[in-house]
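Notes follow the structure.
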Amino acid sequence: MGLDLPTRYDPASVEKRLYRFWEENGYFQADPDPKRKPYTIVIPPPNVTGVLTLGHVLNNTLQDILVRWRRMQGFNALWQPGTDHAGIATQSVVERMLDAEGTSRQALGRERFVERVWQVKEKHNAVINEQLRRLGSSLDWRRERFTMDEGLSRAVLEVFVRLYNKGLVYRDKFMINWCPFHGTALSNDEVEHQTVQGGLWWIRYPFKEGQGGVTVATTRPETMLGDTAVAVNPDDPRYKDVIGRTVILPLMNREIPVIADEYVDKEFGTGALKITPAHDPNDFRIGRKHGLAAPCVIAPDGTMSEEAGAYRGLDRFACRERVVADLRKLGLLEKHEPHEHEVGHCYRCDTLVEPYISLQWFVRMKPLAERARKVAEDKSVRFWPPRWETMYYHWIDTVPDWPISRQLWWGHRIPAWYCQDCPDPKLDPADRPAEPPYGIGGYPVVSATQPEKCPQCGGTRFVQDEDVLDTWFSSWLWPFSTLGWPDETADLKYFYPTDTLVTAPDILGFWVARMIMAGLEFLDDIPFRDVYLHGIVRAEDGRKMSKSLGNSPDPIAVMDEFGADALRFSIVLITASGQDAYYSHDKVAIGRNFANKLWNASRLVLTNLAESPDVADMAYGAGDLALEDRWVLSRLTRTIATASQALEGFNFNEAAMAIYEFVWHELCDWYLEVIKPRVRNAAPEATAPRFAAQGVVTHVLDNAIRLLHPFAPFITEEVWQHLGARMARRGALAGEGADAAASIMVAPWPQADERWLDPAAEATFAQVQEIVRAIRNIRKKMGLADRTPRLRVTLSLADPAAEAGMEACRGLLCDQAALEHLEIGVSLPKPPASAAAVLPGMEAYVALEGVIDLDTERKRLRDQLARAAKFLEGSERKLANVAFLEKAPKEVVEKEYQQNARLREDIQRLEANLAELE
RNA sequence: GGGCGAUUAGCUCAGUCGGUAGAGCGCUACACUCACAUUGUAGAGGUCACUGGUUCGAGUCCAGUAUCGCCCACCA
């Protein structure tokens, strides 16, 4: 066959070579160019904690589709790569490694620990990049950034200082979520609520004077050691006389008051609430309101503190058991029942989160949230699918101040310096040393670099804050810090605001919303116009795929087995817009099979083009084109329109399905089959039809692979390269220039040219398809093979006007239905011993002497009759309905009449054919 | 407790103007000489979760119910 192409598409022999080809030729690169319009996407930076999951595959495939599509449309498309240092996550990974080695971060010390994390980061980062390359991601690698590289660190410090000077960053002693395992503060977003089977204990606090006492119900008995009051609802008649009395806190033997507060729910438990200001957010608020002391009975590591008296040193859970046992011994435990409730856990280590009072840095969110709400309301930022807008508002409207300090080592060190010679007047004197050096109780100076002199006392001794910033404090700057901010770079000017953000909805609040806030605050502009939120990739059991669950197949292994294109295409195909996708291994076969189909279609085309002198010279005047040519060009045009429109609306799977459907079931199943006789006929008089077919098929394949390229970049480039010279000539004719010929990456995205729309050709071809299918069906039903014996068919038309049209399809019909003789005419008689296919406006009689089984034929006709009768019944009902005739649109009624007439006719003809057999 | 999503063929899911329900896989039968068995041809298979409403007409719009899932949330 002249061409040395394997019968199976082999991704392994193609992908690495083509990726190198693209990268070496700079096809991924974008630089500011005032003559061209930019299109920008910043990658949601993967965490450097490990390898990528199939969730990342979906995320990055969608981005690559957008970028490649826009690039083909002529945009100067930039896809900005980079990774995130993922503070707490990465630190835990490395700490676990150290633990396995029998050491710890404390043993290593801060500096050596951080060095170690950098090593791990480098290793993981390399793996991640390799995975992204394998996937075909057209990222501009020259621009790769990392949230802790020098430039981004500068941006982080700049932002901290600016917000501090504006009063939007402050330090306060407040109740925050605390992870005892990591020993750090967490924001709300880093806490996951899980349902826990706990208990509810009823504990009696005896009155100091007199008999009896107050019984409280609690889920956390161990915190009673830190109780400083019992609260009841002021309107609760049961406790009217109790308010103001004193009770004895059991085990601690401390006197505490009974206070009144509306917060207390009369219905829950006993209606009396123990108040532990240091260990419960509500109690904290009530404690502050009533001026209660807040003894901390639980230490940062989750054990009981000195304030817990006899219980000190016990783990908080062991302490719970001890407290319960001791109360029981004292006869103060009145009741215990199981109680299911939601409890916060650390999103990285699953440890039960402890509400904890500590001195932390915060960002005031309200002022930032207001503007961020407005840009969504006025649609400057749009959410896809739009329902996420509501979720966004909910987050924006309820956002509490953001605790940004973390007691970790891996991250951006907080640029706060404490004077050792004078104290911070804002701090409670109890919370800092009484005299110099003041440590972190010293007067704070916020500055990107170490200050020289204390503005309060002129002192020169400083210590820097030990803590680092929350990971998201660098992530929220990502859309502009990656482009060079705070410098006013050309990149920033040209590529910002970016165009599309593609991410999963689970980080809508803590990442997307914050980026919008940051963009507006620091650049006075939105960071991106469209936010596309895709579903989550789940394992077959419905669970989310994640690194921590370890239930994501290795994308590299999947690509080794099926190819990158197959994985990309399949994962897009199974992901309906905004819906979660259930991954399974055999779904990837869809993409692999499709790639193979396209490959073989291309082989067929290439093989048969070999002898074509120059298809590019073929002018496709309508007169030169056969029915099938006009049909396939019309179908192609519709596919281009559908796919383009779907992409505009972020309906990736719809675009993918449209292309799949066209390539497989129209191009391959019909067009390629139909033109085989034409391209193989070497007779001199057959030259023009042959050239026309070759020209059209080249055009169609060319457009098909362009459409498919964003979804399956490798195979389409490989085919493009094989089509090579022809593409160059075609491109030159179309004014596409030499660049386009060099790589499909820069070939223009197809235009839906309405000149090629041909409804008449589509209708006629559909008729041909129906006839062919009907004859094939009869063949099968009569037990005949696909193409042998060749059959004799009589096509009897109802309308003389249709004769010429059908006559023109004679060759098509004979070839596709494997006929040896076809008679076409008006109202032809049915030959004896033939089977009949009743079709709109015609009947096809298949001569079956010696083969026909009358019972089979009767059954076949009766089945059809039954089906038609069912439809007719529905149609009759409609037309008998006066309201329908009066109120339905005219076209619909008209259509119904036609339908009805056709059905009646069909039934009549089926009955006639059937009668003949009786 | 609040919000959101889902419920369509045996399985996994499409179905963005309301007008006789679609795909892939699986299944059945047949076919490896001319691109592809990772294939082709033909076929079977559905009360569109349920109830009510709007409408000439509802898988599609509205209300409610049930089941599953997700997100948010400081009732001890």
Side-chain angles (χ1 to χ4, degrees), chain A residues 1 5 7-9 175 188 193 200 216-220 223 231 263-265 267-270 272-276 280-285 339 341-342 344 355 385 387-388 390-391 394-395 398 505-506 508-509 535-536 538 540 542 544 562 566 570 573-582 584 586-587 589-590 592-608 646 649 651 653-654 657 660-661 665 668-669 672-673 676 680 773 776-781 783-788 870-871 874-875 878 881-889 891-893 895-896 899:
Chain A
M1 60 190 265
L5 297 177
T7 60
R8 286 190 185 182
Y9 172 62
M175 177 158 283
N188 281 358
H193 288 83
L200 191 62
V216 298
T218 180
T219 55
R220 299 197 60 194
T223 63
Y263 169 76
V264 180
D265 181 354
E267 308 302 319
F268 191 91
T270 61
L273 173 65
K274 66 192 258 318
I275 302 296
T276 323
D280 182 278
N282 296 310
D283 297 8
F284 175 75
R285 220 184 45 238
H339 182 69
H341 59 147
E342 297 282 316
R387 64 188 154 87
W388 291 109
T390 317
M391 303 295 281
H394 182 256
W395 193 89
T398 58
D506 50 350
L508 180 65
I536 288 169
R538 299 178 181 283
E540 273 180 289
K544 177 179 169 175
F562 294 96
S570 296
L573 203 65
I574 65 171
T575 307
S577 195
Q579 294 294 342
D580 290 354
Y582 290 80
S584 76
D586 52 289
K587 281 177 184 166
I590 300 171
R592 178 201 55 187
N593 295 353
F594 183 49
N596 197 55
K597 189 74 181 176
L598 178 71
W599 180 249
N600 277 291
S602 305
R603 285 178 67 222
L604 177 69
V605 172
L606 287 163
T607 306
N608 289 294
N651 292 313
N653 72 321
E654 193 189 323
M657 278 193 286
Y660 178 95
E661 180 68 21
H665 297 302
C668 293
D669 286 354
L672 293 184
E673 291 302 326
K676 275 178 183 173
R680 286 187 184 134
R773 284 199 188 104
R776 284 174 181 168
N777 181 286
I778 288 171
R779 229 184 225 289
K780 294 283 180 186
K781 286 270 156 74
L784 300 175
D786 284 350
R787 298 194 67 81
T788 49
K870 206 186 93 192
F871 284 135
S875 178
K878 266 192 188 177
N881 185 346
V882 183
F884 172 76
L885 299 178
E886 282 173 359
K887 295 189 180 174
E891 315 85 69
V892 175
V893 175
K895 214 176 115 188
E896 196 57 44
Q899 183 91 342

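Within every chain, numbering begins at 1; the chains are lettered A, B, ... in the order of the sequence lines, protein sequences first and strands thereafter.
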* Asked: For A/R776, which contact category applies under a 4.0 Å heavy-atom criterion: base, sugar-phosphate, or nothing?
  -> sugar-phosphate
* With a non-hydrogen cut-off below 4.0 angstrom, is A/A217 in contact with a base, only sugar-phosphate, or nothing? -> base
* To do: Please work out if A/A888 contacts a base, only the sugar-phosphate, or nothing of the nucleic acid, heavy-atom cut-off 4.0 Å.
  => base
* Asked: When you check the phosphate oxygens OP1 and OP2 of B/C11, does a side-chain N or O of A/K587 lie under 4.0 Å from one of them?
  -> no
* Below 4.0 Å: OP1/OP2 of B/A42 and any side-chain N or O of A/K780 -> no
* To do: With heavy atoms under 4.0 Å as the rule, sort A/P355 into base, sugar-phosphate or nothing.
  => nothing
* A/H665 side chain near B/G24 phosphate (N/O to OP1/OP2, under 4.0 Å) -> yes
* Structure fact -> Separation between NZ (A/K274) and CZ (A/R220), nearest 0.5 Å, reads 8.0 Å
* To do: Just call it for A/K274: base, sugar-phosphate, or nothing, with non-hydrogen atoms closer than 4.0 Å on any strand.
  => nothing
* Asked: Which nucleotide, in any strand shown, forms a Watson-Crick or G-U wobble pair with B/C13, with both distances under 3.5 Å?
  -> B/G22
* When all nucleic acid strands are considered with a 4.0 Å heavy-atom cut-off, which category describes A/R779: base, sugar-phosphate, or nothing? -> nothing
* Asked: With a 4.0 Å cut-off on heavy atoms, is A/N881 in touch with a base, just the backbone sugar-phosphate, or nothing at all?
  -> sugar-phosphate
* Report yes if a donor N or O on one partner sits less than 3.5 Å from an acceptor N or O on the other, where the partners are the side chain of A/E342 and the base of B/A73; otherwise report no. => yes
* Hey, does the side chain of A/K597 come within less than 4.0 Å of B/G40's phosphate (OP1/OP2), counting only N and O? -> yes
* Atom OH of A/Y660 and atom P of B/A14: how far apart are they, to the nearest Å? -> 17 Å
* Asked: With a non-hydrogen cut-off below 4.0 angstrom, is A/D283 in contact with a base, only sugar-phosphate, or nothing?
  -> nothing
* Heavy atoms under 4.0 Å, any strand shown: does A/E886 hit a base, just sugar-phosphate, or nothing? -> nothing
* Looking for any heavy atom pair under 4.0 Å, which part of the strands does A/Y263 touch: base, sugar-phosphate only, or nothing? -> base
* Please work out if A/I590 contacts a base, only the sugar-phosphate, or nothing of the nucleic acid, heavy-atom cut-off 4.0 Å. => sugar-phosphate
* To do: Tell me what A/N777 touches on the nucleic acid: a base, only sugar-phosphate, or nothing, going by heavy atoms under 4.0 Å.
  => sugar-phosphate
* Length of the CE-P vector between A/M657 and B/G22, whole Å -> 14 Å
* To do: Give a yes or no on whether a donor-acceptor pair under 3.5 Å exists between the nucleobase atoms of B/G40, that is its base, and the side chain of A/D786.
  => yes
* May I ask you to say what A/V264 touches in the nucleic acid, namely base, sugar-phosphate or nothing, with a heavy-atom cut-off under 4.0 Å? => base
* Asked: For B/C34, does the O4'-C1'-N9-C4 (purine) or O4'-C1'-N1-C2 (pyrimidine) torsion place it in syn, i.e. within 90° of 0, or in anti?
  -> anti
* Remember a base hit wins even if backbone is also touched, and classify A/E673 as base, sugar-phosphate or nothing at under 4.0 Å, heavy atoms. => base
